[in-house]
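First comes the structure, then the notes that go with it.
Throughout, protein chains are lettered first and strands after them, A, B, ... in sequence-line order, and every chain is numbered starting at 1.
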Amino acid sequence: MMTERLRTHLLPVAVMALAVLALWYAGALWLNAPQVLDGFARAHTDHWTLSEFARQAFSQKRPILPTPDQIASEMVQSLTGYPVTHVRNLLFHTAVTAGSALTGFGMGVVLGILLAIGIVQVKTLESSLLPWVITSQTIPVLAIAPMVVVILGNIGFSGLLPKAVISMYLCFFPITIGMVKGLRSADPLSLDLMRTYSANGQQTFWLLRLPSALPYLFTSLKIAVAASVVGAIVAELPTGGQAGLGARLLSGSYYGQTVQIWSALVMSALLSVSLVWLIGLMERFVVTGKRGGTR
Amino acid sequence: MSKTTRSEMAPWPLVMLIAAPLPLGLLDGAAIYWPQAPAVALCYAVSLLCLLLRGLTRTPRTEAALLFLGVASACLSPFLLLADGVDPSSGAGTWMYLFGASLLLWRVLALLAEETGLLRWLGPTLFGLGLLMGWEIITRGFAVPSVLLPPPSSILAAIPTHGGELWDDFCQTVLKSVVRGYLIGCGAGFVVAVLADRLPFLARGLLPLGNLASAIPVVGIAPVMVMWFGFDWQSKAAVIVIMTFFPMLINTLAGLATAEKIQLDLMRSYGAGYGKTLWLLRLPCALPFLFNGLKINSTLALIGAIVAEFFGTPVVGMGFRISTEVARMNLDVVWATITVAAVTGSALYGGLALAERRLTAWHPSFRKR
Amino acid sequence: ADKLTLQLKWVTQAQFAGYYVAQDKGFYKDAGLDVTIKAGGPDINPTQVIAAGGADVIVDWMPSALATREKGVPLVNIGQIFQKSGMMLTCRKDAGISSPTDFKGHTLGVWFAGNEYPFLSWMARLKYSTSGSNPDVTVLKQGFNVDPLLQKQAACISTMTYNEYWQLIEAGMKPEELQVFKYQEQGVATLEDGLYTTEKALADPKTVEKLAKFLKATAKGWEYAAQHQAEAVDIVLANDSTGAQTKEHQTTMMGEVAKLIEGGKEGIGYLSPEDFDRTVSILMSGGSSPVISKMPTNAYSHTVFDAASKL
Amino acid sequence: MQAPLPPVPPPQTVPPAAIARTIVDARNVTLTYQTADKPVYALSDVSLKINKGDFISLIGPSGCGKTTLMRTIADLEQPTSGEIIVNGMTPEAARLKRAYGYVFQAPALYPWRSVERNVTLPLEIMGMPAAERQQRARDHLEMVGLAGFEKKFPWQLSGGMQQRVSIARALAFEPDLLLMDEPFGALDEITRDHLNLQLTRLWLQTQKTCIFVTHSIAEAVFLSTRIVVMSPRPGKILDVIDCEQHLPRERTLDIRETPEFAHIAQRVREGLMEGHSYDD
Amino acid sequence: MQAPLPPVPPPQTVPPAAIARTIVDARNVTLTYQTADKPVYALSDVSLKINKGDFISLIGPSGCGKTTLMRTIADLEQPTSGEIIVNGMTPEAARLKRAYGYVFQAPALYPWRSVERNVTLPLEIMGMPAAERQQRARDHLEMVGLAGFEKKFPWQLSGGMQQRVSIARALAFEPDLLLMDEPFGALDEITRDHLNLQLTRLWLQTQKTCIFVTHSIAEAVFLSTRIVVMSPRPGKILDVIDCEQHLPRERTLDIRETPEFAHIAQRVREGLMEGHSYDD
Ligand SMILES: Nc1ncnc2c1ncn2[C@@H]1O[C@H](COP(=O)(O)OP(=O)(O)OP(=O)(O)O)[C@@H](O)[C@H]1O
Ligand SMILES: Nc1ncnc2c1ncn2[C@@H]1O[C@H](COP(=O)(O)OP(=O)(O)OP(=O)(O)O)[C@@H](O)[C@H]1O
Ligand SMILES: Cc1ncc(C[n+]2csc(CCO)c2C)c(N)n1
Ligand SMILES: [Mg+2]
Ligand SMILES: [Mg+2]
């Protein structure tokens, strides 16, 4: 049983991970080559060996593509070198970002689902609001994020809330769209059944529409939770002076510390993947008995 | 067809009656009342008259038109006040009047919700106009500095005066970066999802890594992509590819899983191979999900391109325009660019929604409301 | 204590050492002020913050402040911290550039956000076209870092004497490989970090008094920072909540910034009218759509500086 | 094998049922479905009165409009013209009063609910306490021969079992008006006989009104007080056959062997034939 | 009303059919479904040989495993133990050779395809040219009485019509082995008789092999060469009744009136009763 799982799940991951690592090192060699050669040229080193070249390419101070071991050692150093609450510990920044992302996600889920319900249940909202919900998403966040931060800052909200609001702005949309679709996907015959019971809107919603919308909802939630992390990071850029993975990305970018950028990137990817995974876990827990269908 | 019994109107718009005794605003430090502003009083009378005459209308359309007149004259009043040099920001009467008018607008929208054909678009248009009016009234009424938020009228004025720039930006960002990035990104997400669905080994190995890679936020990728692919559209397209990949992947995978067991059994009983089953059964089943992904991506792609342009561009592009004009305090140009982005994005989305309606007319979500 | 909020133009770094030192050393407190320092960032526009009422005083560059003033937010300079411009164009010698006449046909990285006007008026003076289908020099909107030069995507990039230039050095370039053109020396320098507030605030004598105390304490902070650079760097690092700044880089930055605050005829914080006029004329001459179209009036005031001198 | 049919006994003048209350009154109901190519005329000028305690069977060729008629009565479709009155009110009002229990032609079970929770669904909606509804569900599942399958999910059941769950669900609801659309179509004869008996018992006990669609003539005759024979597109009522005149209200399986039974069956068959155009 | 059954004629020794080729050979097939609470024993030690040209009916109480047996033959379920050989190969190989035409108990139509395109689906998969498959679809739709409904979508059809589309789809495919799971369950008697006749004709003409599930004893006797009676959980074969011994291969509707017919029907009914536990 256990070895079976190992074979079917871990082996492929391991094989693919190895392949990706190999590609990565090759890529690092390739992308960093011009810099290395430039370095050799400027140092007038005419005779260099291939191993010397590789060693250099894999240990550039400002690599175009840092190697995984460079990133790993930077991360280990940051994670173990300082207490968790220290500003130089990456986990501290991850927690800051996760905090605003999750708050925003929570708000986004509530807003997204409420909007979807409104759109599905109230005809006026459907025809007049939906197009504007869509339009709202075509406004680039990065452009309005600073204004949101400034305006909310002046009303007296600073710190977590402006960031959460931007997260929410990004993640309510996939939820609304997915839920609208999902809530309308209930089987017409099942809807008729509810009608014959003269179930009220709420009962139809909880007993039929919501269960049939769940596959759509969870697909959207996975996208939304990833978007909420993006939102939190975007929101940390204008307030670049403060904490969070976005601030790390920004300052890394500003000071050309590629390795720092990449470790923040890896950390944010890990953060969203684990959040997506959590949603998947919830999905498995919530969506039961939905496999066969009729025969 | 429909049982057109018009639902009764809730009495809420009548809150505008409360406005009558309240002041309209301040002029030279003194409160202004209705008799001192005859033009506004006339608007008010028109609004009330529309409410009164509503009972005489026969069809929802005529009622909507009549009530809209009432809303329109309410919207006119703050501008009349401003033209007379009155500061309406502290005039409770003005705001109460406008509040009643917005409730009235809601009624108009409800009446228009049943429309079909081209008139279907009247509702959302009025809703949008209402939002813009509110924005105009608030920015002008409260004298919000234009470096914070310009009123829509000045944004509108900026569009023709900066038409050339806006068009160049559109070409650079949309035609070069977005189109290519979107096609490649959605295509790749789709193909990888199908492959992953086909080859479980690949799926189990690649999906976690794929998820990891595509979970990297745009703002983080953009500088890296600029580093790798240079300043021109290539780096923007790369950002879009990465951004759109994940939603497409997830949606395609979810869509491919929706075929019912009995439908799959049917295919099996025909000895239909993988390709046939995919083409004839699983893809049609997945279409609603595919469109879901395509629609979400259509908005993401535009955002991605604009965000990526914040991190270095040639001196053209919508992201470039927004970031530089913000710093130059030309907020009207910024919002004009945002408007172009919004119109483009909505058009893209609308096109996809139309295609969806055509291709998945069988889906319960379109079949029955 | 009187409350006062200061909005910086950029992230916490030695560029703003004076304010952090004044805060940490208690100079503000001693002056009876309770000062909040808000760090900035690439997309925080201090003028927006002050227009929305989120700050009492901002640190900004004069081109941006004047542009905002023309847009209807009446900002007034109440003190000029940086007397000299730190902006320069840094080029690779191996791209074949040793004087401004070599720019032709090359790609030049420029910061936009109002910083491009001095550049454009410089190019206009050199009679180079920067736009059109076949420009003499290709302009690139450069991001926040020096990669375009390191990766040879541009022949020259904009740098600050106190910051990006040293990033190039830290990245392994040698000073002899680089050719720099300081705006100050090219005669296109505009005024940088200065303190701005609104006309409305200045109309109130009480506020003027408060601002005077602030200016005085700030000047003291800068003076202290210039004299105790190592300590100032530590204070800056302690205030950096990103944990990304390095001591090495901040130490160099502190040294360079200290050079920029020198030279005020009447002491730190004095805006000399000649510098102001020069900045205005550069801004009004550059390019096809200049930042400011009208001669600004009352855009600076010595009231606060004078009041501070009398404290 | 059957003996030649005995002549039909002349209709006896039955004393009018003690103030028969009309439950369903359909008047000139016409229903046309609009489709992309051409309209489908599903019901044409259908008039029908159903009294309290009636057991009406609808029988007719496939696609003749039986389901459509039932759906119209249950306020799931709106007639194009004509009107229906249920219990003295509109179908909508009756529906809002929870007057209907509908067994659809397809089981329409919710795949995310276990068998038992599918049966308790309408009871939950009614707001019945948990313990009571569970008891009711178990009783009714037992009645349709599904004791022991409470915890299974619909896709783990055979076709006939799914259909029986759907029947149990409608019966557990105890509605005034029971609408059943081919409930026993997927069942073997023995189970079907068993459920037929159960149904007549229940119907006699509770004095409910039933409208029942079936394709089995024998079943129709056995169960009904009246049989409505319909003709195909546009669906019309061809014949209404009164069974109570000839058969007792309380019935056992062996009345199927009586000549009266065979006679009625023959009349139904003839009506059905009329509506068909097959020449074999 | 039926005359007392005549004694069963003693089984005559029939000359072995000219080298009867075995098409399906099920040997000791057992199938257990694993479910969350407890396993369901669906088939227990089922052995059955079906020859080319046979028409086998499966009959048995609801939930006894008929569908499961058919699905196992069609390689849609794997037996827990035992084996099945189809046409000398595994069910999988036979399936890949497109040997099966399966009419499921539910119609299983694709909602995004019109009626006609649902019928052409298997033909498309076979790679038949467009004109030919359209012709075939029209012919078969006509046969099941659905001419004129080609352009409609499945949800615009009545239950019985959907079922007929599904039958047309399987017949149009012209498979070697036709598996039909209660195909006529949702049809009225007249349509059913008509389709029964059509089916026997087709079967005689094409010499196909059919496996057929039905709940109608009469239908089973009328159509089959052999009737397999099954008992409920765990599904076992109770009895295999050879009809060809007593009835001619070519049949018309009136053989239903013969004593042989009634005799076989009675034997099937007895077998069915045995499997049941109802006491009414
Ligand atoms: N939603 C619909 N749209 C268009 N036509 C429809 C729709 N529903 C039913 N019809 C048509 O209405 C007619 C009557 O259908 P109905 O379902 O009432 O038949 P039925 O008598 O129940 O048949 P069966 O015994 O086969 O279930 C059919 O011809 C069918 O094609
Ligand atoms: N997927 C499944 N999981 C668990 N149990 C199942 C599954 N499919 C069928 N069963 C069980 O197997 C038994 C036989 O089912 P099957 O569908 O073969 O019956 P059937 O003879 O076709 O009945 P019917 O005449 O009602 O269609 C039933 O008791 C059913 O509950
Ligand atoms: C949007 C924007 N990007 C870059 C600069 C360039 N710049 C000049 S000074 C300074 C801070 C300290 O080095 C920075 C970043 C700017 N002003 N605005
Ligand atoms: Mg029907
Ligand atoms: Mg079955």
Side-chain angles (χ1 to χ4, degrees), chain B residues 139-140 142-151 154 158 161-162 164-165 168-169 172-173 219-232 234-236 239 306-335, chain C residues 9 42-54 60-61 63-75 107-117 120 130-132 135 137-148 150-154 157 198 283 288-292:
Chain B
T139 46
R140 304 242 322 248
F142 287 100
V144 175
S146 71
V147 295
L148 263 190
L149 192 65
S154 69
T161 50
H162 294 82
E165 278 167 28
D168 291 344
D169 295 344
Q172 169 76 17
T173 304
V219 283
I221 307 167
V224 175
M225 291 298 127
V226 172
M227 219 194 263
W228 289 5
F229 294 99
F231 276 72
D232 212 344
Q234 290 88 345
S235 56
K236 318 300 174 289
V239 169
I306 290 176
V307 168
E309 283 176 351
F310 276 55
F311 294 85
T313 56
V315 288
V316 62
M318 290 155 80
F320 165 81
R321 193 70 53 205
I322 291 173
S323 60
T324 53
E325 299 297 345
V326 164
R328 290 177 185 174
M329 296 294 129
N330 291 326
L331 268 289
D332 50 350
V333 183
V334 172
W335 281 98
Chain C
K9 186 175 171 53
D43 295 308
I44 290 288
N45 202 329
T47 56
Q48 275 186 339
V49 177
I50 199 169
D60 204 356
W61 289 11
S64 150
L66 292 181
T68 312
R69 191 179 166 83
E70 207 173 277
K71 290 284 176 313
V73 180
L75 293 181
T107 301
L108 310 184
V110 179
W111 285 317
F112 275 69
N115 312 322
E116 70 276 25
Y117 292 106
L120 291 176
T130 55
S131 55
V137 293
T138 307
V139 178
L140 200 67
K141 186 201 164 195
Q142 130 192 6
F144 312 124
N145 62 37
V146 295
D147 287 333
L150 293 176
Q151 288 159 31
K152 301 185 180 172
Q153 286 167 331
I157 57 168
T198 56
L283 291 179
S288 52
S289 60
V291 226
I292 50 174

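When heavy atoms are compared at a cutoff of 4.5 Å, E325(B) does not approach chain C at all. Proximity to chain B involves both the backbone and the side chain of Q48(C), based on heavy atoms less than 4.5 angstrom apart. Only the backbone of V226(B) comes within less than 4.5 Å of a heavy atom in chain C; its side chain stays farther off. When heavy atoms are compared at a cutoff of 4.5 Å, L331(B) approaches chain C solely by way of its side chain, counted from C-beta outward. Both the backbone and the side chain of V139(C) come within contact range of chain B, with heavy atoms under 4.5 Å apart.
F310(B) contributes atom CZ, which lies 7.0 Å from atom NZ of K141(C) (distance to the nearest 0.5 angstrom). If you take CD on Q142(C) and CZ on F231(B), they are separated by 7.0 Å, rounding to the nearest 0.5 Å. Between atom CG of residue L140(C) and atom CZ of residue F320(B) there is a gap of 10.0 Å, rounded to the nearest 0.5 Å.
Closest heavy-atom contact between A51(C) and P145(B): O-CG, 3.8 Å. The shortest heavy-atom contact between V326(B) and N45(C) is O-ND2, 3.1 Å.
Between K71(C) and N330(B) the shortest side-chain heavy-atom distance falls below 4.5 Å.
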